[in-house]
K.L.:
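I'd like to ask some things about the structure below.
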Number of protein chains: 2
Amino acid sequence: MRGALRRDELLRATVAVIERAGVAGVSHRAVAAEAGVSVASTTYHFATLDDLLVAALTGAAEDLTAELHERVTELGARPADELARLIEHLLVYRRGRTLAEYELYLQAARRPELREAAAAWLQPLTEIARTFTTNPQKASLLVAALDGLLLQSLVRARPFAQADVAALLAHLR
Amino acid sequence: MRGALRRDELLRATVAVIERAGVAGVSHRAVAAEAGVSVASTTYHFATLDDLLVAALTGAAEDLTAELHERVTELGARPADELARLIEHLLVYRRGRTLAEYELYLQAARRPELREAAAAWLQPLTEIARTFTTNPQKASLLVAALDGLLLQSLVRARPFAQADVAALLAHLR
DNA sequence: AAACAATCAGTACGTCTGTCCTGGTAGTTT
DNA sequence: AAACTACCAGGACAGACGTACTGATTGTTT
């Protein structure tokens with residue numbers, strides 16, 4: 001069972017490769033080089049590339065869920081401002097990671113086996129939205145808007161101003 | 001100049017390949033096979049794969065802009081319902097195409113030369129939002145929400161119910 | 001300590017890839 | 001009609017790819 005560490009390291013390396021080169025850049029060799037191991041080690045733990053991508057997606061979804069869940073509890077008296085700060089965090093200090101997550105997320109549109117993991121992605125967002133507004137329709141709208149704001153910011157490579165985001169979100173209380 | 005037709009056909013074939021196999025499935029050979037021409041014909045018009053992808057993205061953005069612009073004028077007395085109908089159209093009758101557009105859109109996050117074309121993508125959406133509400137902040141929020149709703153629907157492979165979407169959007173008037 | 005299974009380094013094979021090169025063909029220009 | 005140019009078919013090349021195979025190594029079990 002000593003291989004579990006190696007396995008986790010390979011998943012970490014996979015996400016690192018995606019951050020740098022996108023999902024298209026993922027290959028057994030690229031991941032092995034990133035992790036500093038041999039190709040055989042990657043094919044041993046993940047026989048096919050598909051296995052590797054699926055494991056990377058589900059792992060990343062779990063990580064994000066855990067991280068966001070932690071931040072939910074910190075949402076206090078000024079949730080719009082704090083949400084805006086969270087968005088900026090995801091777009092600036094974790095831009096590569098966030099972009100990788102969106103690429104993996106979009107993969108789920110083509111791979112039914114990823115759909116469950118992708119759905120899990122929205123759960124912490126929904127949780128955040130629920131603390132923001134009690135109206136369930138507004139909460140759904142907020143989740144969609146957060147998704148769209150993140151996506152647009154990634155593409156324009158320039159995050160919106162924090163204050164503007166906060167003002168925007170305030171419309172959905 | 002007779003090659004212009006062939007060039008357009010190659011771009012159409014490229015989008016068709018993306019619909020079927022994603023951006024990752026695009027290769028000179030796959031596009032040539034889809035268009036029923038030789039590989040040399042694709043490399044003649046688009047020397048590198050990058051050229052092909054960039055041209056496909058900008059072309060798709062122009063197509064969508066033209067199409068959505070047409071639909072803007074049709075938005076009448078019940079814009080929420082009609083927006084919901086438009087969303088369903090993009091997700092059901094044009095699902096493959098919409099998915100391809102999102103894949104290309106996300107490419108822009110990594111390729112600065114695509115950023116302009118990607119930005120053009122949002123323009124018709126913004127236009128639609130402006131006819132929906134006069135408040136510019138709500139309009140921005142609506143564009144983001146539309147983006148998020150489309151993305152989420154693509155991933156869950158099941159569009160939201162039209163009536164629910166209409167009810168959601170009504171909150172942003 | 002001996003047998004075992006998990007783990008991985010090294011290597012190999014067939015396939016697909018991007019891109020280039022050599023011609024040939026068919027419209028255009030002079 | 002002759003020269004020219006745009007276009008594209010066919011094939012070639014080196015490289016990267018997924019994946020399978022062969023042994024070594026190393027921790028675990030008996």
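Since the model is a prediction, treat every value here as computed from it, not as a measurement. Just so we're on the same page: letters track the sequence lines, and every chain starts at 1.
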K.L.:
For Thr43(A), answer base if it contacts any base atom (sugar-phosphate contacts may also be present), sugar-phosphate if it contacts only those atoms, and nothing otherwise; contact means non-hydrogen atoms under 4.0 Å.
P.N.:
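Thr43(A): base contact, heavy atoms under 4.0 Å.
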K.L.:
Which is more 5' along DNA chain C, the nucleotide nearest Val39(A) or the one nearest Tyr44(A)? Just name the residue.
P.N.:
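Closer to the 5' end of DNA chain C: Tyr44(A).
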K.L.:
Before accepting this row, confirm whether a basic side-chain N of the pair Arg110(B)/Glu103(A) lies closer than 4.0 Å to the acidic partner's carboxylate O.
P.N.:
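Salt bridge: yes.
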K.L.:
Roughly, in whole Å, what's the span from CG in Leu10(A) to C1' in dC8(C)?
P.N.:
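Distance, rounded to whole Å: 11 Å.
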K.L.:
Taking only side-chain nitrogens and oxygens of His45(A), does any of them come within less than 4.0 Å of OP1 or OP2 of dC8(C)?
P.N.:
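Yes, such a contact exists.
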K.L.:
Could you tell me the separation between the CG atom of Leu49(B) and the P atom of dC20(C), rounded to a whole number of Å?
P.N.:
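It works out to 12 Å between those atoms.
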K.L.:
What is the distance from NE2 of His28(B) to C1' of dT19(C), rounded to the nearest Å?
P.N.:
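Going from NE2 in His28(B) over to C1' in dT19(C) covers 8 Å.
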K.L.:
Is it true that Glu9(A) and Arg12(A) have a side-chain N and a carboxylate O under 4.0 angstrom from each other?
P.N.:
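So Glu9(A) pairs with Arg12(A) through a salt bridge.
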K.L.:
Please tell me if Arg6(B) has a side-chain N or O lying less than 4.0 Å from either OP1 or OP2 of dA9(D).
P.N.:
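Yes, within the criterion.
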K.L.:
Using a strict 4.0 Å threshold on nitrogen-to-oxygen distance, state whether Arg20(B) and Glu34(B) make a salt bridge.
P.N.:
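Between Glu34(B) and Arg20(B) there is a salt bridge, with a charged N closer than 4.0 Å to a carboxylate O.
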K.L.:
Let me spell it out: for each of Arg29(A) and Ala40(A), pick the nucleotide of DNA chain D with the closest heavy atom. Which residue's pick is nearer the 5' end?
P.N.:
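Whichever sits nearer the 5' end wins; that is Arg29(A).
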K.L.:
Let's see if you can work this out: which of dA9(D), dT19(C), dA9(C) has an atom nearest to the side-chain heavy atoms of Val37(A)?
P.N.:
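Selected nucleotide (nearest to the side chain): dA9(C).
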K.L.:
Are side-chain N/O atoms of Arg158(A) and Ser153(A) paired as donor and acceptor at under 3.5 Å?
P.N.:
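No, no side-chain donor-acceptor contact under 3.5 Å.
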K.L.:
Ignoring backbone atoms, test whether Ser27(A) places a side-chain nitrogen or oxygen under 4.0 Å from the OP1 or OP2 oxygen of dC17(D).
P.N.:
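So the side-chain polar atoms of Ser27(A) do come within 4.0 Å of the phosphate oxygens OP1 or OP2 of dC17(D), strictly under.
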K.L.:
To the nearest Å, give me how far apart CD (Glu9(B)) and C1' (dC8(D)) are.
P.N.:
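Atom-to-atom, Glu9(B) to dC8(D), this comes out as 15 Å.
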K.L.:
I want to confirm an ordering. Mapping Ser41(B) and Ala47(A) to their closest nucleotides on DNA chain D, which one lands closer to the 5' end?
P.N.:
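Its nucleotide being nearer the 5' end, the pick is Ser41(B).
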